[in-house]
Amino acid sequence: MITVELDNFSLKEICQSGQCFRMYETEENTYELIAGDQYLKMTQDGGIVNFHCSDMEFICYWVPYFDIDADYSSYIAKINPRDTYLSAAAECGSGIRILQQDLWEMIITFLISQQNNISRIRGCVERLCEAYGEKKISGEKEYYAFPNPERLAAASEDDLRGLGMGYRARYIVETTRSILNGEISLDRIYQYRYYSRAKQELLKLSGVGEKVADCICLFALHHMDAFPIDTHIRQVLDEHYKRGFPNRRYRGMRGIMQQYIFYYELNKK
DNA sequence: ATCCAGGGACGCG
DNA sequence: CGCGTCCATGGA
């Protein structure tokens, strides 16, 4: 087990931030997470966080995953103090992190997310993993990994509709096919240095539009300028930023600001 | 019942 | 390009 003391890090807030749909608070201050084919149990008491894994797994996998080496207080310090809305939002969600999740998993997950609510997205993703993911064991915990493209290719559109994916089933089938036949290369998308290039490539996938592409760029590729505009963010922009969001000021950190706003809208009061 | 949820494809003018 | 319309599903 690894024990570390961290600033601006809250498992509860990360869990409720809506980036990862397979993280659960299983008991008070105890969280379980399945990411890709990895399972992790964590506990937190104040700033002290316990990761139930080896040193190697922590350093190679979970440090980048949780963006642990980044200093989020410096992001918060950049917020215009006269922007009372954004200041309140960042204070509310000061412990969230921009996760670095698996690209393939984020593509499928955010295809499912469209015109859908978070609790139902969780259910859809979980059923998808149970039906097509590899069964794994970590200690005494059994879980299903997120299915890789080859395994998901076994699912027909009707199969996926049977799992409650609705009209998104066709997007999943078509996107899986274009990845498997090499039309779109995940490796290439990983290697693009510029956000606009990665986004441009993602937009070629069936069912991936502006918003979903931005979520994938932010939550998998860590392109911190991605600024996904969903229905909640749209309302905030219309109400608090009628002259546009201050993009210049927050260049290189637009994504985290978006997440502070998103978290605030879902969890305030 | 009606509305809404981390939207996007498609057709139309 | 900007705009309607349709697309499943379940909870409030």
Side-chain angles (χ1 to χ4, degrees), chain A residues 13-24 89 92-93 96-128 130-131 146 155-179 183-184 195 198-241 245 254-269:
Chain A
E13 291 173 15
I14 291 167
C15 191
Q16 296 173 347
S17 72
Q19 301 174 64
C20 168
F21 297 93
R22 303 191 76 194
M23 180 170 174
Y24 300 94
C92 176
I96 63 178
R97 294 277 163 156
I98 303 296
L99 305 179
Q100 281 190 262
Q101 304 180 79
D102 178 74
L103 175 57
W104 164 250
E105 182 171 350
M106 289 301 98
I107 290 172
I108 299 302
T109 297
F110 279 94
L111 279 181
I112 294 170
S113 78
Q114 67 174 255
Q115 201 66 12
N116 211 339
N117 62 66
I118 290 183
S119 69
R120 217 174 81 82
I121 297 166
R122 282 187 200 280
C124 286
V125 171
E126 216 52 59
R127 286 192 296 277
L128 197 70
E130 284 172 20
F146 193 87
S156 70
E157 182 174 336
D158 282 344
D159 291 335
L160 294 171
R161 282 177 182 266
L163 293 177
M165 304 300 159
Y167 67 91
R168 308 161 196 86
R170 182 166 59 86
Y171 298 152
I172 297 173
V173 169
E174 292 178 350
T175 286
T176 301
R177 189 172 59 230
S178 52
I179 298 295
E183 186 184 338
I184 305 289
Y195 155 57
K199 180 173 176 178
Q200 182 182 12
E201 194 68 6
L202 287 165
L203 285 171
K204 294 178 183 172
L205 293 168
S206 171
V208 175
E210 287 280 327
K211 187 268 174 183
V212 168
D214 278 332
C215 283
I216 298 166
C217 283
L218 188 56
F219 304 142
L221 303 172
H222 218 257
H223 288 303
M224 295 294 271
D225 265 328
F227 193 90
I229 299 177
D230 67 8
T231 124
H232 300 111
I233 301 293
R234 180 78 267 161
Q235 290 171 20
V236 171
L237 293 179
D238 290 344
E239 187 178 344
H240 297 279
Y241 298 96
F245 190 75
R254 285 158 42 81
I256 180 65
M257 299 304 158
Q258 190 274 3
Q259 276 305 106
Y260 288 141
I261 295 171
F262 183 79
Y263 180 88
Y264 190 47
E265 289 303 310
L266 265 63
N267 298 290
K268 68 183 176 187
K269 79 178 176 8

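All heavy atoms count here, side chains included; hydrogens, waters and symmetry mates do not. Labels below follow one simple rule: chain letters A, B, ... track the order of the sequence lines, proteins then strands, and each chain is numbered from 1.
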In whole angstrom, give me the gap between the P atoms of dC3(C) and dG6(B).
25 Å
Pairwise P distance, dG10(C) and dA9(B) [rounded to whole Å]
24 Å
Can you check the Gln235(A) CD to dG6(B) C1' distance for me, whole Å?
12 Å
If dA9(B) has a Watson-Crick or G-U wobble mate with both distances under 3.5 Å, name it; if not, just say none.
dT5(C)
Glu210(A) CD to dG2(C) P: how many Å, rounded?
11 Å
Side chain to side chain contact (heavy atoms under 4.5 Å, CB included) assessment of Leu266(A) paired with Gln16(A):
CA-CA 9 Å; Leu266(A) 265 63; Gln16(A) 296 173 347; over 6 Å; no
Donor-acceptor check, side chain of Glu174(A) to backbone of Ser206(A), threshold 3.5 angstrom: yes or no?
no
Between Ile229(A) (CD1) and dG8(B) (P), how many Å, whole number?
11 Å
Calculate the interatomic distance between Leu111(A) atom CG and dA9(B) atom C1'; express it in whole Å.
13 Å
How is Tyr263(A) classified with respect to the nucleic acid when contacts are heavy atoms under 4.0 Å: base, sugar-phosphate, or nothing?
nothing
With distance as the sole criterion, is a donor-acceptor pair present between the side chains of Asn117(A) and Ser119(A) under 3.5 Å?
yes
To the nearest angstrom, how far is His232(A) atom NE2 from dG6(B) atom C1'?
7 Å
Does the protein touch nucleotides 7-12 of chain C at the base, only the backbone, or not at all? Give it as B, S and - per nucleotide, heavy atoms under 4.0 Å.
BBBB--
Any donor-acceptor pair under 3.5 Å linking the side-chain atoms of Asp159(A) with those of Ser156(A)?
yes
When you check the gap from the basic side-chain N to the acidic O, do Glu210(A) and Lys199(A) get nearer than 4.0 Å?
yes
Taking the side chain as C-beta and beyond, is there a heavy-atom pair between Met224(A) and His222(A) under 4.5 Å?
yes
So for Glu265(A) and dG6(B), does any side-chain atom that can act as donor or acceptor lie under 3.5 Å from a complementary atom in the base?
no
How is Ser17(A) classified with respect to the nucleic acid when contacts are heavy atoms under 4.0 Å: base, sugar-phosphate, or nothing?
base
Just to confirm, is there a sub-4.0 Å distance from OP1 or OP2 of dG6(B) to any side-chain nitrogen or oxygen of Thr231(A)?
no
If you look at every strand shown and take non-hydrogen atoms under 4.0 Å, does Glu174(A) touch a base, only sugar-phosphate, or nothing?
nothing
In this structure, is the centre-to-centre distance between the rings of Phe227(A) and Phe262(A) below 6.0 Å?
no
What is the distance, to the nearest angstrom, from the CD1 atom on Ile216(A) to the C1' atom on dG6(B)?
12 Å
Rounded to the nearest angstrom, tell me the gap between atom CZ in Arg122(A) and atom P in dA5(B).
17 Å
First of Leu266(A) and Gly207(A) reached from the 5' end of DNA chain B, by closest nucleotide
Leu266(A)
dG11(C): pairing nucleotide in any strand, Watson-Crick or G-U under 3.5 angstrom:
dC3(B)
Can you measure Phe262(A) atom CZ to dA5(B) atom C1' for me and round it to whole angstrom units?
10 Å
Given Leu205(A), Thr175(A), Leu202(A), the one that forms side-chain contact (heavy atoms from CB on, under 4.5 Å) with Ile184(A):
Leu205(A)
When rounded to the nearest Å, what value does the distance between P atoms of dC6(C) and dC3(B) take?
15 Å
